[in-house]
Amino acid sequence: MKVPFFDLKIQYESIKDEIEASISEIFNSQHFILGKYVSEFEEKLADFCSCKYAVAVSSGTDAILAALMAIDIKPGDEVILPDFTFFATAGTIARLGAIPVFVDILPTTYNIDPAAVRKKITNKTKAIMPVHLFGRCANMRELKAISEEFNIPIIEDACQAIGASCPTGKKAGSMGLMGCFSFYPTKNLGGAGDSGAITTNDEKLYEKLKQMRNHGMEPRYCHKFVGGNFRMDELQAAVLVNKLPNLDSWNGIRRLNAMLYRKHFINNELVEIDTNEFTEKNKVIIPYFFEEDREDTHIFHQYCIRVKKRDELKQFLADNGIGTDIYYPIPLHRQECFSYLNSNDADFPITNQVCEEIIALPIYPEIEEPSIQYITQKIKEFYQ
Ligand SMILES: Cc1ncc(COP(=O)(O)O)c(C=O)c1O
């Protein structure tokens, strides 16, 4: 059996007609930049995220960059972020000359450890940037308490978490000062190329972000501050507008797929209980299922398990036609480009371990139960 890591074609087939009609309308109008689809998408996205405003931009990376620029992050400022995330969370901070301050993650959620955040706050800390990794919200209750105590804004990197919510019911991107999203094609809401967005409830920031994405320009050819070309184009917005009404349903199916994995891992005696410790009866650590967090909505952008002999397992699965990926193999503090920060490797025990053990399995909405069963059986075969 062949099970690709993801398959975008099946989903496209189901909405092809609507998308092609919109694309053809744009080509006929020849209006490609900041037109009706961008405005419509912004309105619908803000509503979807329970936020007052959304600003559509050119990528998730540019969303984070523009958000940091909007609060005037400058050289020498410190921004706290998890050590375990996609590079863009840190790269954007460094590009502004600011200092990425890495902290370790929790072994249960792979999200930033609020206690570790507290320890890293200094008088140079200008923002805290939690990442809702793999589609599960970071502990925003504790992070918000820290943010309020020290009066430091939170910028949510919600690039992997559109539609996720916290146990309080609040949506990803609606809890910090700003939320940043990516619509990279393989995201739960994916465009036909690169695009992203920033959400906020702050009207002044909203106005500033709209200028920021267009070179800080307002009115035409007058520039009060330096921005960039961070605009989303109409073609991306048209694809996203057509996909957005399906997102809750696609996210729901991803959650069901995660439950199917759990069932088959238990049936195959690879998992006995929800735990983050390896034991004789827990050869696979699956995404932790909290009793008290039953109400949170993890949207399973990725379904990541932890295993021993990860690289050999990856090869074994590939030999059996199963696509997997590693998010992420190297902690940010060990990246060559951040060697100037002289981070202490011993400060990141969880990230260091998780980077060696983590592997992402296929979780796209269209995957079917026999494929999930096949994957778990092959994993059992490997550990026998
Ligand atoms: C956590 C995180 N932050 C930032 C980004 C950057 O988004 P983009 O690829 O759209 O620039 C991504 C995308 O992969 C991401 O997963």
Side-chain angles (χ1 to χ4, degrees), residues 5-6 8 41 45 54-69 73 79-96 100 102-103 105 109-112 127-138 140 143 154-164 172-173 175-176 178-199 212-213 228-233 235-237 239-240 243 251 254 298-304 325-332 335 337-338 351 354-355 358 360 363-364:
F5 184 55
F6 58 83
L8 300 176
F41 178 62
L45 180 70
V55 178
V57 295
S58 36
S59 67
T61 306
D62 288 343
I64 301 171
L65 186 64
L68 292 168
M69 288 169 76
I73 296 295
V79 179
I80 298 176
L81 74 157
D83 191 34
F84 187 60
T85 172
F86 180 60
F87 180 79
T89 324
T92 44
I93 299 166
R95 277 166 68 186
L96 294 174
F102 303 123
V103 303
I105 53 165
T109 60
Y110 311 132
N111 280 326
I112 197 164
I128 301 168
M129 190 142 58
V131 179
H132 305 315
L133 201 70
F134 304 145
R136 167 181 259 159
C137 285
M140 291 302 289
L143 292 168
I154 293 178
I155 298 175
E156 294 170 68
D157 180 340
C159 283
Q160 301 188 3
I162 186 150
M175 295 170 278
M178 286 172 275
C180 303
F181 292 92
S182 163
F183 307 115
Y184 185 78
T186 54
K187 292 286 192 284
N188 291 29
L189 180 67
D194 281 308
S195 59
I198 308 152
T199 48
M212 187 68 75
R213 74 166 165 202
N229 176 358
F230 304 139
R231 298 181 301 251
M232 180 191 282
D233 64 63
L235 293 171
Q236 295 309 323
V239 171
L240 297 169
K243 284 189 167 187
N251 282 347
R254 284 173 182 264
H298 187 330
I299 50 120
F300 287 98
H301 171 55
Q302 300 297 349
Y303 184 85
C304 291
D325 213 335
I326 310 294
Y327 305 112
Y328 296 93
I330 306 173
L332 285 179
Q335 294 291 349
C337 64
F338 294 132
T351 303
V354 168
C355 284
I358 203 139
I363 184 85
Y364 50 95

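Order of listing sets the numbers, starting from 1, for every ligand and every atom in it.
Scanning the protein heavy atoms around atom 3 (N) of ligand 1, the nearest turns out to be D157 OD2, 2.8 Å. Taking atom 5 (C) of ligand 1 as the reference point, the nearest protein heavy-atom neighbour is F86 CD2, 3.5 Å. Atom 16 (O) of ligand 1 has its closest protein heavy atom at Q160 NE2, 2.8 Å. Ranking protein heavy atoms by distance to atom 9 (O) of ligand 1, first place goes to S182 OG, 4.0 Å. The nearest heavy-atom contact from the protein to atom 11 (O) of ligand 1 is T61 OG1, 2.5 Å.
Near C159, meaning under 4.0 Å from any of its heavy atoms, are these atoms of ligand 1: 2 (C), 3 (N), 4 (C), 5 (C), 12 (C), 15 (C). The distance from ligand 1 to the heavy atoms of G60 drops below 4.0 Å at these ligand atoms: 6 (C), 7 (O), 8 (P), 10 (O), 11 (O). Each of the atoms 1 (C) of ligand 1 lies under 4.0 Å from some heavy atom of V131. Of all atoms in ligand 1, numbered sequentially from 1 with element shown, those under 4.0 Å from a heavy atom of T85 are 1 (C).
Looking at K187, M129, Q302, it is K187 that brings a heavy atom closest to atom 13 (C) of ligand 1.
For an aromatic pair to be called close, the ring centres must be under 6.0 Å apart, and F87 with F338 satisfies this. Between Y327 and Y110, the ring centre distance reaches or exceeds 6.0 Å.
Annotation for F102 and P82: closest pair CD2-O, 4.2 Å, computed over non-hydrogen atoms. Shown here for Y364 and F5, the closest heavy-atom pair between the two residues is CD2-O, 3.4 Å. In this structure, A158 and F181 approach most closely via the heavy-atom pair O-CD2, 3.3 Å. The two residues C159 and K187 come nearest to each other via the heavy atoms O-CE, 3.2 Å. Of all the heavy atoms in P331 and T351, the pair that sits closest is CB-CG2, 3.7 Å.
Residues H132 and E156 have side chains that bring a donor and an acceptor to within less than 3.5 angstrom of each other.
For ligand 1, none of its N or O atoms has an N or O atom of D194 under 3.5 Å away. Of the polar atoms of L133, none of the N or O atoms is found under 3.5 Å from an N or O of ligand 1, judged by distance alone.
Listed for the D194 side chain is no donor-acceptor partner under 3.5 Å among the backbone atoms of Y184.
Counting heavy atoms closer than 4.0 Å to ligand 1, residue D62 contributes nothing at all.
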